[in-house]
Amino acid sequence: MTNKENILQTALRLFAENGFDRTPTSQIAREAGVSEGLIFRHYGNKAGLLGAIIQRGSEQVEVSMQPYRRGADPLEAIVQHIRESFRLLRENTPFWRLVHALRHQASVQQNAENQLDAFKQSVVIQLAMPFRLLGARQPVEEALLLFALIDGITAQYVQIPEAYPLEVMEEFIINKYKHGNFSGQP
């Protein structure tokens with residue numbers, strides 16, 4: 001692992017455990033085994049570290065959104081997106097556990113409000129497109145619902161992964177959409 005990646009992983013863990021506002025860069029440097037100056041060289045400041053963490057999560061979500069850009073059948077794109085989201089969750093459970101602990105902190109929301117809002121808007125715009133193509137009466141609301149379902153399942157799963165029925169929920173949501181259980185469908 002590179003120093004830059006080590007710093008990022010250490011910061012994510014410490015921000016989640018101690019809080020963004022209660023984690024000094026000196027502690028991150030000490031636990032990552034690097035100089036504090038190296039943190040500033042790579043990330044500028046503590047807010048830059050937070051931005052990089054949010055960017056990492058955004059990149060993973062963007063991977064799950066690829067089916068919408070490939071011109072797939074709208075319903076198949078929704079199904080592929082759900083499958084990819086759950087695959088990424090299974091493969092990166094520790095990362096998403098820490099992100100979920102971090103994102104509800106008031107200081108994180110204050111420091112990254114614009115970045116988080118832009119990310120959410122981008123996701124909703126992309127998710128609304130297939131619902132429009134499928135004739136949903138409320139495509140934006142359907143997009144928000146799908147986003148909330150995946151996000152809520154992620155929050156539940158990261159708390160106790162061994163006890164949460166992730167595969168069952170994945171198939172349940174896929175079947176919901178495959179059978180047209182959204183507004184605008186008969």
Phe40 with Leu50, same ILVMFWY side-chain cluster at under 4.5 Å:
no
Flag yes if Phe86 and Leu88 sit in one hydrophobic cluster, no otherwise; membership is Ile, Leu, Val, Met, Phe, Trp, Tyr, and two members link when side-chain heavy atoms are under 4.5 Å apart.
no
Report whether Leu134 and Val124 are members of the same hydrophobic cluster (ILVMFWY, side-chain heavy atoms less than 4.5 Å apart, transitive linking).
yes
Heavy-atom closest contact (Gly19 atom, Gln105 atom, distance)
CA-OE1, 3.2 Å
Minimum side-chain heavy-atom gap Leu8-Leu12 below 4.5 Å
no
Heavy-atom side-chain contact between Tyr164 and Gln159 under 4.5 Å
no
Is there a continuous path of hydrophobic side-chain contacts, each under 4.5 Å between heavy atoms, that joins Leu146 to Val63?
no
Please report the shortest heavy-atom distance between Thr93 and Pro161, naming the atom on each side.
CG2-CG, 4.0 Å
Look at the side chain of Arg103 and the backbone N and O of Val99, then say whether any donor-acceptor pair between them is shorter than 3.5 Å.
no
Identify the two heavy atoms, one from Gly51 and one from Gln115, that lie closest to each other, and give their separation to 0.1 Å.
O-NE2, 3.1 Å
Does the side chain of Glu62 pick up a donor-acceptor pair with the side chain of Ser58 at under 3.5 Å?
no
Ala16 versus Leu102, closest heavy-atom pair with distance
N-CD1, 4.3 Å
Begin from the C-alpha positions of Thr25 and Glu36 and carry the test side-chain hydrogen bond (donor to acceptor under 3.5 Å, both in side chains) through to its verdict.
CA-CA 6 Å; Thr25 54; Glu36 195 171 7; 2.3 Å; yes
With a 4.5 Å cut-off on side-chain heavy-atom distances among I, L, V, M, F, W and Y, is there a chain of contacts connecting Leu133 to Val123?
no
Apply side-chain contact (heavy atoms from CB on, under 4.5 Å) to residues Met169 and Tyr157 and explain how you reach the verdict.
CA-CA 10 Å; Met169 293 308 296; Tyr157 177 74; over 6 Å; no
Would you mind reporting whether Leu127 and His81 have side-chain heavy atoms less than 4.5 Å apart?
yes
Please check this pair: side chain of Asp73 against backbone of Glu76, looking for a donor-acceptor N/O pair closer than 3.5 Å.
yes
Kindly indicate whether the side chain of Arg87, heavy atoms from C-beta on, has any atom under 4.5 Å from the side chain of Glu91.
yes
Nearest heavy-atom approach of Arg97 to Val158 is NE-O, 2.8 Å
Over all atoms of both residues, closest heavy-atom pair of Arg56 and Gln9:
NH1-NE2, 3.6 Å
Criterion ring-ring contact (aromatic ring centres under 6.0 Å, His included) against Phe131, the qualifying member of Tyr68, Tyr177, Phe147
Tyr177
